[in-house]
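Residue numbers start at 1 and run along the sequence shown. From a predicted model like this one, the values you see are computed outputs, not experimental measurements. Both backbone and side-chain heavy atoms feed into the values below; hydrogens, waters and symmetry mates do not.
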Amino acid sequence: MYDVVVIGGGPSGATAAEELANTGHKVALLDREGRIKPCGGAIPPRLMEDFHIGEEQLIAKVTTARMVSPTGRKVDIPIENGFVGMVDRKDFDPYLRARASQAGADYHIGTFLRIERKSDAKHVIYRNKSNGDEHRLPFRLAIGADGARSRVGKAEVDGWDKIPYVLAYHEIIEAPQDATTYDPMRCDVVYDGSISPDFYGWVFPHGDSASVGMGTGHTDIDLKGATAALRAASGLSDCKTLRKEGAPIPLHPLDRWDNGTDLVLAGDAAGVVAPSSGEGIYYAMFAGRLAATACTETLKSHDARNLKLARKLFMKEHRTVFRVLQSMQNAYYRSDDRRERFVSLCHDTDVQRLTFEAYMHKKLVKSRPMPHIKIGLKNIAHLTGLVSPEHT
């Protein structure tokens with residue numbers, strides 16, 4: 001009998017399993033393996049600190065972010081007093097699963113099929129990867145961390161199908177050794193409607209390789225064609241393609257994460273990806289930790305209402321940031337004119353400083369009210385057209 005069965009072994013599920021095993025619970029971690037999520041791989045310093053991720057896990061360190069407008073305007077934003085770490089999910093996810101196993105979680109490889117509940121027992125049913133046999137994991141509580149198209153969420157949590165999605169696609173390519181448009185210590189974020197009409201494209205360094213991709217909520221967009229255009233515009237068409245990956249990315253946390261009895265969602269399954277940026281690794285791991293906390297409190301109290309703690313604590317910490325990012329996406333991603341104005345606004349040093357302080361530390365900076373006021377006024381001026389995009 002497992003205290004908790006965690007379904008899904010990405011950053012959220014692996015973190016939840018490790019947390020629970022470290023606090024003495026009997027835990028099973030179920031993952032199908034072999035799937036690599038399309039992801040730029042950026043992790044902020046707070047993630048490395050909060051979850052004890054050493055620099056040896058990084059494949060690159062980014063010190064500059066470049067914003068590119070529809071007309072080709074480039075704004076380079078230095079990352080002051082630090083760096084953003086880059087990981088490759090093909091290596092990072094197995095590392096996190098191995099940590100969970102080392103902490104004491106039983107690791108099972110297979111595909112989740114269903115949950116069966118009878119009067120005498122509850123089981124997570126999965127299909128063995130090697131021989132196709134069905135196996136049963138008896139459990140008291142379960143965590144669904146099986147990604148954006150969560151089969152657990154669909155079966156267990158009311159309202160799960162209400163999350164809006166962006167379809168993301170990227171190609172991992174060999175990094176060019178001599179390129180005038182590529183910098184192995186710079187992330188490029190491309191706001192161009194010809195690449196993505198409602199989100200953005202990216203070129204992120206991964207050491208010897210690079211991630212080039214884009215996202216969109218429009219189902220009629222040719223993701224591979226848009227990525228090819230981005231590679232051409234970035235001078236990367238001739239680089240060898242190592243692998244290609246695509247998946248949906250949720251852009252709004254679910255209104256409810258638990259089923260009221262014995263299960264709670266975490267990570268992409270709960271919708272915890274930041275609007276505007278699409279950043280998800282930190283929020284997934286934080287949600288996994290909170291799902292573990294909610295399960296611990298539920299096991300102690302035998303009160304399933306404590307499963308609600310996961311969402312309650314997450315939104316208490318990050319609701320304001322998510323609302324600000326959603327407002328920014330709604331305001332600036334709707335047209336190339338707005339995207340041009342957004343990149344123009346990024347010239348402002350107050351915008352640069354406060355944006356990266358918030359990204360690095362996952363909190364809105366409140367200690368300097370005057371920059372906030374100035375940014376607010378400039379934001380209004382751009383959105384109302386009182387200044388031209390060329391004005392900075």
Side-chain angles (χ1 to χ4, degrees), residues 40 42 44 62-80 84 166 168 170 180-183 185-205 210-218 221 226-227 229-236 251 274-279 321 324-360 364-365 371-392:
V62 169
T63 57
T64 303
R66 169 171 286 183
M67 308 297 171
V68 183
S69 79
T71 62
R73 174 191 305 211
K74 300 177 178 65
V75 178
D76 287 355
I77 304 176
I79 301 171
E80 298 178 353
V84 172
V166 162
H170 80 159
T180 57
T181 59
Y182 178 81
D183 185 335
M185 298 184 70
R186 187 189 72 220
C187 283
D188 292 1
V189 185
V190 181
Y191 297 98
D192 185 342
S194 66
I195 301 297
S196 171
D198 58 336
F199 208 59
Y200 63 82
W202 68 82
V203 179
F204 286 180
S211 165
V212 186
M214 52 79 67
T216 178
H218 293 216
I221 299 297
T227 301
L230 176 59
R231 286 181 63 169
S234 304
L236 302 173
L251 288 182
S276 178
S277 68
E279 182 198 355
V321 170
V324 169
L325 292 174
Q326 186 65 65
S327 297
M328 187 177 79
Q329 180 174 339
N330 293 341
Y332 284 109
Y333 286 18
R334 61 175 60 182
S335 69
D336 272 355
D337 177 70
R338 290 290 184 91
R339 283 184 275 269
E340 195 73 39
R341 291 177 181 278
F342 174 67
V343 174
S344 179
L345 190 62
C346 289
H347 274 287
D348 189 280
T349 56
D350 289 324
V351 171
Q352 296 177 11
R353 188 172 296 112
L354 292 178
T355 296
F356 272 97
E357 285 181 2
Y359 171 79
M360 304 278 268
L364 292 179
V365 182
H372 281 282
I373 294 172
K374 288 167 58 182
I375 291 170
L377 292 174
K378 292 176 181 178
N379 186 53
I380 292 170
H382 276 283
L383 290 177
T384 57
L386 293 176
V387 295
S388 69
E390 289 72 25
H391 182 78
T392 61

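Smallest separation of non-hydrogen atoms from Ala274 and Ser277: CB-OG, 3.5 Å. Between Phe204 and Val189, the shortest heavy-atom distance links the atoms CE2-CG2, 4.2 Å. The shortest heavy-atom contact between Cys187 and Pro205 is SG-CD, 4.0 Å. Closest approach of Met214 and Ile195 over heavy atoms only: CE-O, 3.2 Å. In this structure, Gly213 and Leu230 approach most closely via the heavy-atom pair O-CD2, 3.3 Å. Shown here for Trp202 and Ser211, the closest heavy-atom pair between the two residues is NE1-OG, 2.9 Å.
Checked against Arg66 for a side-chain hydrogen bond (donor to acceptor under 3.5 Å, both in side chains), the options Asp183, Asp188, Asp76, Thr181 give a single hit: Asp76.
Val166 is linked by a side chain to side chain contact (heavy atoms under 4.5 Å, CB included) to Phe199, Leu251, counting only residues two or more places apart in sequence or in another chain. Listed by chain and residue number, Tyr191 satisfy the ring pair (Phe, Tyr, Trp, His ring centres under 6.0 Å) test with Tyr333 (two or more places apart in sequence, or in another chain). Under the side-chain hydrogen bond (donor to acceptor under 3.5 Å, both in side chains) criterion, Thr63 pairs with no residue, sequence neighbours left out. Residues passing the side chain to side chain contact (heavy atoms under 4.5 Å, CB included) test with Ser327, sequence neighbours excluded: none. The side chain to side chain contact (heavy atoms under 4.5 Å, CB included) check on Asp336 picks up Pro70, Asp192, Arg339, with sequence neighbours excluded. Judged as a side chain to side chain contact (heavy atoms under 4.5 Å, CB included), and not counting sequence neighbours, the contacts of Ser69 are Thr71, Arg73, Glu340, Val343.
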I'd like to know whether Thr64 forms a side-chain contact (heavy atoms from CB on, under 4.5 Å) with Ile79, so could you lay out the CA-CA distance, the side-chain angles of the two residues, the decisive distance to 0.1 Å, and finally the verdict. CA-CA 6 Å; Thr64 303; Ile79 301 171; 5.9 Å; no

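In this structure a side-chain-to-backbone donor-acceptor pair under 3.5 Å is present from Thr216 to His218. Side-chain atoms of Ser276 never come within 3.5 Å of backbone atoms of Gln329 as a donor-acceptor pair (strictly under, hydrogens ignored).
Looking at heavy atoms from C-beta onward, His170 lies out of side-chain contact with Val212 at the 4.5 angstrom threshold. You'll find the side chain of Val62 stays beyond 4.5 Å of the side chain of Met185, heavy atoms only.
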